[in-house]
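Only this structure's heavy atoms are used, side chains among them; waters, hydrogens and symmetry mates stay out. What you see is a predicted model, and the numbers here were worked out from it, not measured in a lab.
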Amino acid sequence: MIRVIIAALFGLMLWGCPTNHGAWIRFTKSTTPSVTQYFIYRDGIKVTTVPATTTSYFDSAPAGKHSYFLTAYNGKESVHSNTVTAIVP
């Protein structure tokens, strides 16, 4: 498992865990109560939006090295987190 603590707004923490079929992206809930959703990015492109009650997402990424970050949304998008890298076999 690759674990990176991010230093972004909203007190988020992000982990990446590669598997044979993609990567699990896990993160802590924001400490800001007004956050309504998170945007998850792979290789700089938004791949999904998840509700604020969600703290993980499985990305069916193709084989290779991928970089992930996320942002929080509460009427406007936060700065993005630090990046975590997952190598999908």
Problem set entry | Pair listing, salt bridge (Lys or Arg N to Asp or Glu O under 4.0 Å) test, anchored in residues 48-58, at least two apart |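 Passing the test, one end in residues 48-58: no pairs.
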So, taking the atom named [atom1] in [X] and the one named [atom2] in [Y], what distance separates them when rounded to the nearest 0.5 Å?
X: Lys76; Y: Thr71; atom1: NZ; atom2: OG1; result: 13.0 Å
X: Lys29; Y: Thr53; atom1: NZ; atom2: OG1; result: 7.0 Å
X: Lys46; Y: Ile40; atom1: NZ; atom2: CD1; result: 11.0 Å

Exercise. Would Phe27 and Leu70 satisfy side chain to side chain contact (heavy atoms under 4.5 Å, CB included), going step by step from the backbone distance to the final call?
Worked result: CA-CA 9 Å; Phe27 49 95; Leu70 64 101; 3.8 Å; yes
Exercise. Quick one: side chain to side chain donor-acceptor pair (under 3.5 Å) partners of Tyr41, sequence neighbours excluded?
Worked result: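 In terms of side chain to side chain donor-acceptor pair (under 3.5 Å), with neighbours along the sequence ignored, Tyr41 is linked to Glu77.
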So which heavy atom on [X] is nearest to which on [Y], and how close?
X: Lys65; Y: Asp43; answer: O-OD1, 4.2 Å
X: Pro89; Y: Ala63; answer: O-CB, 3.6 Å
X: Val35; Y: Ala52; answer: O-CB, 3.3 Å

Which atom pairs, one a donor and one an acceptor, fall under 3.5 Å between side chains of residues 54-62 and the rest of the protein, sequence neighbours left out?
residue: Asp59; atom: OD1; partner: Arg42; partner atom: NH2; Å: 3.2
residue: Asp59; atom: OD2; partner: Arg42; partner atom: NE; Å: 2.6
residue: Asp59; atom: OD2; partner: Arg42; partner atom: NH2; Å: 3.4
residue: Asp59; atom: OD2; partner: Tyr68; partner atom: OH; Å: 2.6

Problem set entry | Single hit among Ser78, Ser30, Pro51 for side chain to side chain contact (heavy atoms under 4.5 Å, CB included) with Tyr38 |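 So the option named by the test is Ser30.
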